[in-house]
> 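Could you have a look at this structure, given as structure tokens, before my questions?
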Amino acid sequence: MANYLAQFQTIKSSCDRVVIAVEDVSDLWLNVRQSFEQRLPVKKACLNNKARNPVFVENLPAEFIQTTDSRLRSRFPQEQYLFWFREPYATVVLVTCEDLDEFKTILKPRLKLIVQNDEREWFIVFVSKAHPGNDQATKMAKKVYARLETDFNTKRRERCCKFDLHGTDADFWDDFDSKMVDCIRNTLDRRVQFYEEENRKLSEQRFTPIWNFCNFFILKESLAFMFEVTNLHEDSLREYDELELCYSESVNLPGKHREFGGLDTGDDQAALLNPGFKALTQIIQDDVFREFEFRQYIFACQAKLLFKLSRPVEVAARGYAFVVGFSKTLALHENALPFCFREVWVITACLGLIKSTSAQYDNGIVAIDSEKEFHRLQGDLYSLCRVKFMRLAYLIGYGVEIEKSPVNSASLSMLSWPKPATWPSIPPDSSAEIMTKEKITLQAKPREKLFNIQRKPLPLEPSFLLREANRRRAFLSVGNMSELYDSVDGSGLDAHSKLPSNKSSSNLMIRTMSGPATSETSLPVDRPMRLSEIHVAAEHALKQTISDPDFMTSLSSPEEFENRYMELTKGAADNYHRSWWKRHGVVLDGEIAAIFFKHGNYDLAAKSYEKVCALYSAEGWEELLADVLPDLAECQKILNDEAGYLASCVKLLSLESSLFSSKERQAFQSEVVRLAHSEMKHPVPLDVSSLITFAGNPAPPLELCDGDPGTLSVAVWSGFPDDIALESLSLRLSASSSADEGLKAIKSSDARVLVPGRNIITFAIPPQKPGSYVLGALTGQIGKLSFRSHGFSQDGPVDTDEFMSFEKPTRPVLKVRKPRALVDITPAVSSALLMNELQWIGLIVKPIDYSLKGGILHIDAGAELKIEESQMIEIESYRSNGEQSGPTDASKALSSSSEPGRVEKVPIENGKIKLPDWASDVTTLVWFPVRAIDDTIARGTSPASPLKHSIVDGMRMIALKLEFGAFHNQVFERTIAVHFTNPFHVSTRVVDKCNDGTLLLQVILHSEVKATLHVKDVSLDLQAGFEHLGNGDGRPTSSLFPLVIAPSSRAGILFVIRLSGTKDLDELENSDSMMTIKYGISGDRTTGAHSPVPVKPDDSEELLFKISLKLKRPVLDPCLAVGFLPFSTDCLRVGQLVNMKWRVERLKDLDEASLPDDEILYQVDANPQNWMVAGRKCGHISFSKAQGSRIEIAVTCVPLVSGYVHPPQLGLPDVGEANVSCNPAGPHLVCVLPPTLSTSYCIPA
Amino acid sequence: MECMMCEILYLEKEDQAYQHQFILHAALDVVQDLAWTTNAMSLKSVDRFNELVVSVYVTAGHTRFMLLHDTRTEDGIKSFFQEVHELYIKIFLNPLYLPGSRITSSHFDTKVRALARKYL
């Protein structure tokens, strides 16, 4: 059956559509052909798939072929079954007839004959030639068609349709299509069934010896092909999948050795997507296909179907898996295949897949997930291709071009070497090439990294190429080689420098001078190959393997290699980025950067490196970061990107210290310092959170009072390997209640050198707002570098993770208390002090849990108060009664009792007192002398002139201001009132009036102070009109002195006086009597008034107090009496005249000629606003001197306002008041009624 | 982004440290896709790099335990991860431990090593 393979192949290629046979009974085909073929391909068809489910397919390709056609005739029945898929799927019987008889006799039997073959699906198209105008013919045709229908239609199926040659109607075509599709569907079902049956039969025989895969394949693929032709791609794909499965099972069966394939020219180019790459007949051998070709073929068929199903993503997915899997299969057969065949095949396969899938891929319509998936697969393909390409390049000596990065190392060092049966040997006449290779190898120097970072280069090879290549040469025994190279431990590149002849200098000589040119090429057998020779040999072998010239060019020179390498890397990186596999993408970006870097394209390199570094550092992969960061730094250095370079250096320093040697770290630091102090244009801000960390002291937070500065010590850990000098270092505190760090930075005044590890830095903190504060940020400057650190360390510099910087320490380092009273100053004495004398004022200065050290008390005495600055201020410790008895404060009591009553005298200057140090923590009493000045003379009181005493008179204000705190930043201000008073209050009264005109005047002294007063002497200097009786020295009658007056008590002193002449009445009114009291005072300043401070030492204790007393002459002998006569009218009214009358009567004769004549002056006083006085207000009136004579004085007045008003008063200015008796007294107020209503204004009702 | 690597030292040759880190790091791409597709914490082996396999265990808080190993029994790895998870939770309960920071506890280290000896 395998013989049919070739035939199968040709049939398959020639037949790509559904065939519909046309049985042209009545020679009509030519007439209808055109219109029939216009219906193709079948627009819509509903077919059954393998699982008998209806599937709608579109554009089903089909072809009408006449049964008379040679293609359908010349077939053997045997073939027909085998290649049944090409047989017609439907038969259209074209008939026409215009006569019933003819139909009965000729056509019907013939048709019966045609349709009796059950295996064919048929339907009849009756073509009516009748012209629509020809009724007869039309009727006839209808009749015949009706007959036809009854004869050939069954109940289950209608097989006839009528086609009008002239004027077809649309219904016919629908009918036609559906009948055709019915036929195709039925045929398809039957054939599928047939093939399945056959397949089943064959599968049952699978493990019998007669089983033949080739037959199975033909059957299976026929089915698949049939599905494919009928557009049932899914089913077709499934068939291929089954076929593949079956094949891999059969090929892996142990048993006879089969050829693998892959030895033909061009086989190195993967034919993954080209099913027609090789004819199947070429790859068959003993009824079995060669694996190499066949698996590619199957995959190609699958890929073709998947593309038809527009599933390029699946092609890529399956393709990647296939390449990986097939690569393993190739590895199994590697020793039979050309050198590096596997690598070359994988590369071409990947490139082919990438090309075709991306061409087919329409990214506009797919879901995001499948888009990601697609790009990921593309990326995978690219990177697989890239790795294999690098491997090839390495083999031919381009290893120096390949960056020894972790990614390359990981991919290459775990990828085994190709394992050819024998390693290719050096081609003849290649000495020149060897020389060139050698030169390249020698010239290539490992790139010196910045900062002299010495790292063992990562390997790019699984084992040393030198050893591997030589081991695989047939003529060298393995043992021999391993002995030779056991000492070799470098990478393959520098392995040749450690060849058995250990002297490197002589070695070099051999290599360059006597070299490979002469001896080795002629004698390749005995000597192990050198590396350059291996490279040349590999290159030659590769040239043999690779059939694609384009591919070979990309390996022809390092430049070409680099171009292709770049292309692959970029492709992989781009696709990974688009698939959101950023890590894969970014890592490859790093590789791209390495190439840019090599070509001096530092700009682009830096950009890519930055991406890589950002990724690693964000994710905390420090070792990987340590690998890339120096490269970035170097780029930045070359680009003169000082800021970036500085940042990179700092970042390098802040990496884990174990990643770099101390020497390297020192190099970083010196670079940082150099840069920072170089001439950078702008200061560079930099976050060094992981390099410099800080923390508050573990002790409880520093507590400050509001407004107080303080010093805060902070532990700063420096991650620098050496001491580093800072220009400045400042700390920001942030209030724990609010997130912002709006506070001003606090500069440190400490020495600005940070030693590695822990440093204690103290910061002087200016007054802060109340609240609690946590450490915010540490900022500082190294040259032009202004750094900023948020890194808080808990207890050591170990935690340098990035995460740390986002965590704020919760422990406050500073607490500033809410403002409160820190000190209290109260006056010590509340009772009054002596006026006009120098008195001590006591102030109790009481610190409230706060030291008043260095405090200055400003005393500003107010008006009428003077501080005697010549006097010293006395300060003594003060203990209130409560404190003394308080057992709770034992220590304080003890300390204060240790210096009982300590008194210190301090001077006062400009109202300022400096508080002594000992007084800073204890309550003290400050005494200072003041003098309240009151120039007015005190007045005594009498019943006639009662006391008009206001307490305000004796008040004096003292403004106090206490500046204290470390920087005198705390201020306490208070104004206190001090009460001053005279020692006595004096009141007088006449105790008795004797018949002889003498008066007993009692003077009562009230003590006004809380001190005992000793009255030593009193003298009364009487005013005019009075005189002392007797000796007249002004002393009181009794001599009791000294008189002691206890506090708040009073004492009385009697004086005997009498009235003297009444002449100077005016004078008498104005003058006062003056009393002078000499007294002493014995009081305690702690309770109140006390004896004045002696200004001069010889000041006597005797005090003098003067007080004026107003004595009023009693009206003892009136000589005139004035009486007010009642009004003539009952009521006074505004505007009405009224007569006011006074009667003056002489009571006795005035013996003195006080009145010059018998005329008397009178005067009427009236408020002009209330009264209008008609007539004379004043004048003389004659008045006889005889006792009892009377006169009347009348004045006419008009009241001007209504209400109670003072009436006019009559005064007699010539006569002293004391001589006039008002009897009866005039009215005090009179009632004045409003004026009567004026009728002229009244309107009659 | 939290990631925890159990660097089991006997799997590491010194000069391969970078490579291994790189392989683990690259596997994070896969983990990121896979973690959301399953409810299970143990993602089994997510990535394969030549003969090296990356097994991953993702905790509920998306902390990832990644183990780079050559072929080993899956059960052992699963139990290993589960026990490491338990240890990790204990570390986590420590109020002084800052989530995401490096685990410096030597006790943890010894325990993990002991687990590795037991299961791997």
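Sequence lines set the chain letters: A, B, ... in the order given, protein chains first and strands last, and positions in each chain run from 1. These numbers were taken from a predicted model, which means no experiment stands behind them.
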> May I have the step-by-step check of salt bridge (Lys or Arg N to Asp or Glu O under 4.0 Å) for D574(A) and R578(A), ending in yes or no?
CA-CA 6 Å; D574(A) 285 352; R578(A) 288 163 82 174; over 6 Å; no

> What pair of heavy atoms forms the shortest contact from G379(A) to N575(A), and how long is it?
N-CB, 3.5 Å

> Answer yes or no: is there an ion pair linking R583(A) with E619(A), defined by an N-O contact shorter than 4.0 Å?
yes

> Does any backbone or side-chain atom of Y616(A) lie under 4.5 Å from a heavy atom of chain B? Answer side chain, backbone, both or neither.
side chain

> What part of V587(A) lies closer than 4.5 angstrom to a heavy atom of chain B: side chain, backbone, both or neither?
side chain

> Any side-chain donor-acceptor pair under 3.5 Å between S405(A) and E591(A)?
yes

> Non-hydrogen atoms of chain B under 4.5 Å away: do they reach the side chain of S411(A), the backbone, both or neither?
both

